[in-house]
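Here's the structure, in structure tokens; my notes come after.
Letters A, B, ... are given to chains in the order of the sequence lines, protein chains preceding strands, and every chain is numbered from 1.
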2 protein chains.
Amino acid sequence: MSTTQQGPSGPTIVQVAQAAGVSRQTVSNALNAPHRLRPGTLARVMAAIDELGYVPNLMARSLRTRYTRQIGYLLDGGGRDPDSVVQDEFLQALCEAAEAEGYLLLLFNYPAGDVETTRWAGLLRTGSVDGFVLRARPDDPRPDLLSRRRAPFVSFGRPPRAGGASGAEAGSGTEEAGTDAAAGPLWVDVDLSAGAEAAVDHLVAAGHRHIAFLGRSPGSAERDEPRLAGWRRAMRKHGLPADACDWAPSTCQDGARGALRLLSAQPAPTAVVAADDMLAMGCYAAAGRLGLAVGRELAVIGFGDSPIASRVTPTLTSVGRPLAHIGEAVMRLLATTLSGRVPEERGVLLAPSVTVRESG
Amino acid sequence: MSTTQQGPSGPTIVQVAQAAGVSRQTVSNALNAPHRLRPGTLARVMAAIDELGYVPNLMARSLRTRYTRQIGYLLDGGGRDPDSVVQDEFLQALCEAAEAEGYLLLLFNYPAGDVETTRWAGLLRTGSVDGFVLRARPDDPRPDLLSRRRAPFVSFGRPPRAGGASGAEAGSGTEEAGTDAAAGPLWVDVDLSAGAEAAVDHLVAAGHRHIAFLGRSPGSAERDEPRLAGWRRAMRKHGLPADACDWAPSTCQDGARGALRLLSAQPAPTAVVAADDMLAMGCYAAAGRLGLAVGRELAVIGFGDSPIASRVTPTLTSVGRPLAHIGEAVMRLLATTLSGRVPEERGVLLAPSVTVRESG
DNA sequence: CTGTTAGCGCTTTCAT
DNA sequence: ATGAAAGCGCTAACAG
């Protein structure tokens, strides 16, 4: 009588077998390889399963099959980006995608700066997870750590070049056939450059010809380079001069100052693409100070499609993040490797779409 | 190459036993009941464990012990609150607290409106989790569903009274003494009323005597009632009139309008407690329009301590959310019930503290 | 197509 | 204090 406390473990496979008058292996087959059963038997077994409310014990299954259908997600405690909305929505999307593939997400902490900890690498060995997903930030050491331990994983955000080995990998397919780990990590990322281009395309289609870009000031070269490049490329593509860009810290006030600088140029831009929604708010403030009506006299497009975008007046057009698609792509990649196949491509770039609202 | 694909399962307990020259349950004891071993043996076993890099297989352990040390967290897809920062930070805190108690968090989706799904209840039976944590919103049906299935869980946010289907059978209430589940769910919540009181206390200590309250307009009665009550109680406590309160939709512009109404009263308030940080931003805007310097001439305190609080000028004093404490309290409660003990109290109210910045 | 035989890695009796 | 036996619930091999 092990009445410690643990709840009512439902019926086991053998009870179902008895109820259906078959051997327990047949029940197992009914669940895992139904095509091997005669339709009649299958129906009888299924009926018994239904009646008894049988659910297989996943731990027992894992013990036998050596996989858990759980994947680990490394929560990033260090990255106290106010971007946390992203993490939340991404988690949501990833979770959904994982369930669609038959996986569950196991969460754990990556204590800030805790490079040495092998705890999560251990999770693979303890049989808690089959692989990992993480959101890689610039200079994130984790992808490399995972690669080194040969842990299957996919990163959201292109991981930094593995510091370990190669430098020259110009098309010589020689190391392609080597260890699978040497092929580099799997990743999915947002094509911010394409997002900026789409924003410009949208504005040009609306008749704008003087379109400025406002980036985030500290470290803009790194962080906003893709957005900037997309803006430049799109402007060139449309035969427009890409000469009106500026940078400001991502706060409402600083953004306003930056926007004022841009708007005081001659000829003044009629539209601004801001590197994030907060800077876009700064553009609103600047427009207000100049007596320009956002949407009618000055178009503003932000980045990130944050919750505030739909809560300001006028509502803000913003380049979104295809989080659902990202989640799906990540899980598809991971499921593929976990099943032993080789994914067609190591990395996936997903273009965001512009959510058009009143501001432009 | 006999292996399908699954990674290198580390050494097992029996290999450690051989290496240490003991039997395998001695190794087990070394891990689970070290006090039963002679120091010498223990050291030898530990050395072998270290050398071989042994980690116990948790699935096998679970199969035997009947608990998984995993707890499920129901992601709330429906609650598209722009409050999502809360969910993210809470998850972080909960995850940390869970790990401290030796638990891991298993995430899964609660598809919006999917009241019927028994999938997550099944998770308990499949042996995937020992219990659940969820963030309950008003009228959340999930706590009741979990109670009904006798699933151990703790909710962040006081769950609605477990009524049968609806208000119909609300009366009887004699089912209190029956099952243990009837003792009601376990919960942890933020004492927003105490938070508002603390805010007022802080303002009064700073010399303010005319302190207004600005609430969120649709559904304010429900959502902001505790904040309002705390403000009222504190005002009364200090012998001040609690007559200046107003409501506005939680956007910057509407908040500004609401604040303007409040500030046009006679005598004009010198401080405003806003029900969230967004409304506080509205107060900033109103102050700007009136030529009042926030912090010096008008004190503003928000709620939520959101990321913007520290990024605006002047930085915003805000009533925080003790997310770390909440996570710990939740896990303590859950761990207690899971270990078969009865927690001292069914519910825990945690008072938030005021993060003082430049605005007041 | 079905049933029998093993055994995944661990912990819990019960004997020494 | 340590060792031997048993079995958690399931599925991968073969046998029939």
Original post:
Which nucleotide in the list C:dT12, C:dC10, D:dA12 gets nearest to the side chain of A:Thr65?
Top reply: D:dA12

Original post:
Taking the side chain as C-beta and beyond, is there a heavy-atom pair between B:Val188 and B:Leu350 under 4.5 Å?
Top reply: yes

Original post:
A:Ile13 CD1 to D:dT11 C1': how many Å, rounded?
Top reply: 8 Å

Original post:
Taking atom types as modelled, is there a side-chain donor on A:Asp130 or A:Gln70 under 3.5 Å from an acceptor on the other?
Top reply: no

Original post:
Could you state the CZ-P distance from B:Arg66 to C:dG9, rounded to the nearest angstrom?
Top reply: 20 Å

Original post:
What is the distance from CZ of A:Arg24 to P of D:dT11, rounded to the nearest Å?
Top reply: 10 Å

Original post:
Base, sugar-phosphate, or nothing: which does A:Leu58 touch, judged by heavy atoms less than 4.0 Å apart?
Top reply: nothing

**OP:** Decide whether A:Ser23 and A:Gln25 meet the rule of one side-chain donor and one side-chain acceptor closer than 3.5 Å.
**Re:** no

**OP:** Identify, between B:Leu63 and B:Thr41, the residue whose nearest nucleotide on DNA chain D lies closer to the 5' end.
**Re:** B:Thr41

Original post:
To the nearest angstrom, how far is A:Leu31 atom CG from D:dG9 atom C1'?
Top reply: 13 Å

Original post:
Atom CZ of A:Arg64 to atom C1' of D:dA12: distance rounded to whole Å?
Top reply: 5 Å

**OP:** Pick base, sugar-phosphate or nothing for A:Val22, based on heavy-atom distances below 4.0 Å to the nucleic acid.
**Re:** sugar-phosphate

**OP:** Using atom CD of A:Gln15 as one end and atom C1' of D:dC8 as the other, report the distance to the nearest whole Å.
**Re:** 14 Å

**OP:** In whole angstrom, give the distance that lies between atom CG of B:Asn29 and atom P of C:dC10.
**Re:** 14 Å

**OP:** Calculate the interatomic distance between B:Gln25 atom CD and C:dG9 atom P; express it in whole Å.
**Re:** 16 Å

Original post:
Under 30°, 30 to 60°, or over 60°: which ring-plane class applies to A:Phe90 and A:Phe156, parallel, tilted or perpendicular?
Top reply: tilted

